[in-house]
Amino acid sequence: MSEEFKNAGCSASDCSSCCESCGSGQNQIPNTISLTLDDNTEVECAILTIFPVKEKEYIALLPLDENGQNQDGEVYLYVFSRTEQGDPMLANIESDEEYASAAEAFNSILENARRAEEHGEYTEEKGESLE
């Protein structure tokens, strides 16, 4: 699998604690990544969030069709890290236990965001973080 990140200035993980005043334009231009899957299929994905679970970080990606839409609600989860040069790197989640842990954390983030939005409390400046 290879990946190519497309964003407006700063890295995707920087924006979890960012605000609109940083000047990156991240809140107006969604971050995307182009994945090349094992079968050489290319998939453009929106970066939903990067989140920690225990001592690792994970990334949640929303695959997009040719119109920039997601029709089925499927989300891809990968291990997220950076090279020594700071470049983003994705890796497959190797065990069912690790995947379940990452999926549970991501579902908690979604649920917290839904509850906050229902109560009028959710803003993009607030990042969700799990310990």
Side-chain angles (χ1 to χ4, degrees):
M1 167 186 58
S2 68
E3 63 274 345
E4 176 186 332
F5 282 79
K6 299 175 186 173
N7 62 36
C10 60
S11 70
S13 62
D14 296 336
C15 291
S16 63
S17 61
C18 190
C19 61
E20 289 183 37
S21 63
C22 78
S24 71
Q26 294 288 34
N27 292 325
Q28 294 136 10
I29 302 170
N31 289 323
T32 61
I33 181 173
S34 182
L35 295 178
T36 302
L37 304 178
D38 291 337
D39 65 358
N40 287 328
T41 304
E42 287 200 21
V43 179
E44 190 75 17
C45 297
I47 300 171
L48 298 176
T49 189
I50 297 171
F51 58 98
V53 177
K54 299 181 182 174
E55 59 279 343
K56 285 188 177 179
E57 280 193 304
Y58 297 87
I59 187 169
L61 304 173
L62 187 67
L64 304 174
D65 64 19
E66 60 278 350
N67 298 317
Q69 303 294 313
N70 177 287
Q71 302 301 324
D72 61 10
E74 183 177 18
V75 173
Y76 299 160
L77 297 177
Y78 290 96
V79 175
F80 178 81
S81 61
R82 292 198 175 272
T83 65
E84 289 182 14
Q85 294 77 27
D87 297 323
M89 194 167 70
L90 304 184
N92 290 326
I93 298 173
E94 296 298 327
S95 73
D96 290 342
E97 181 180 289
E98 182 181 4
Y99 183 85
S101 180
E104 182 179 328
F106 177 67
N107 287 335
S108 292
I109 290 169
L110 287 179
E111 186 58 35
N112 289 341
R114 283 187 193 118
R115 274 190 249 138
E117 188 173 29
E118 287 172 3
H119 293 91
E121 300 169 0
Y122 183 78
T123 62
E124 289 189 25
E125 291 90 33
K126 294 180 182 178
E128 296 292 333
S129 176
L130 301 177
E131 296 299 325

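Because only heavy atoms are used, hydrogens play no part in the values below, and waters and symmetry mates are left out as well, while side chains stay in. When a residue number appears, it is its place in the shown sequence, counting from 1.
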With Glu97 via side chain to side chain donor-acceptor pair (under 3.5 Å) - residues at least two apart: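 Partners of Glu97 under the side chain to side chain donor-acceptor pair (under 3.5 Å) test: none.
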N-O pairing of Arg114 and Glu118 below 4.0 Å: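 Salt bridge between Arg114 and Glu118, a charged N being under 4.0 Å from a carboxylate O: no.
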Taking atom [atom1] of [X] and atom [atom2] of [Y], what is their separation to the nearest 0.5 Å?
X      : Y      : atom1 : atom2 : answer
Met89  : Glu84  : CE    : CD    : 10.0 Å
Tyr76  : Leu48  : OH    : CG    : 12.0 Å
Asn107 : Asn112 : CG    : CG    : 11.0 Å
Ile109 : Thr49  : CD1   : OG1   : 5.0 Å
Glu44  : Thr32  : CD    : OG1   : 4.0 Å
Tyr78  : Ile33  : OH    : CD1   : 8.5 Å

Report all side-chain donor-acceptor pairs from residues 61-70 shorter than 3.5 Å, counting only partners two or more places apart or in another chain.
unit_1 : atom_1 : unit_2 : atom_2 : d
Asp65  : OD1    : Asn67  : N      : 2.8
Asp65  : OD1    : Gly68  : N      : 3.2
Asp65  : OD1    : Gln69  : N      : 3.0
Asn70  : OD1    : Asp72  : N      : 3.3
Asn70  : OD1    : Gly73  : N      : 2.5
Asn70  : ND2    : Pro63  : O      : 2.7
Asn70  : ND2    : Glu74  : O      : 3.4

Closest contact, heavy atoms only, Ala102 versus Val53: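 Minimum heavy-atom contact is CA-CG2, 4.4 Å.
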Pairwise side-chain contact, Tyr58 with Val79, heavy-atom cut-off 4.5 Å (strictly under):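 Yes, their side chains come closer than 4.5 Å.
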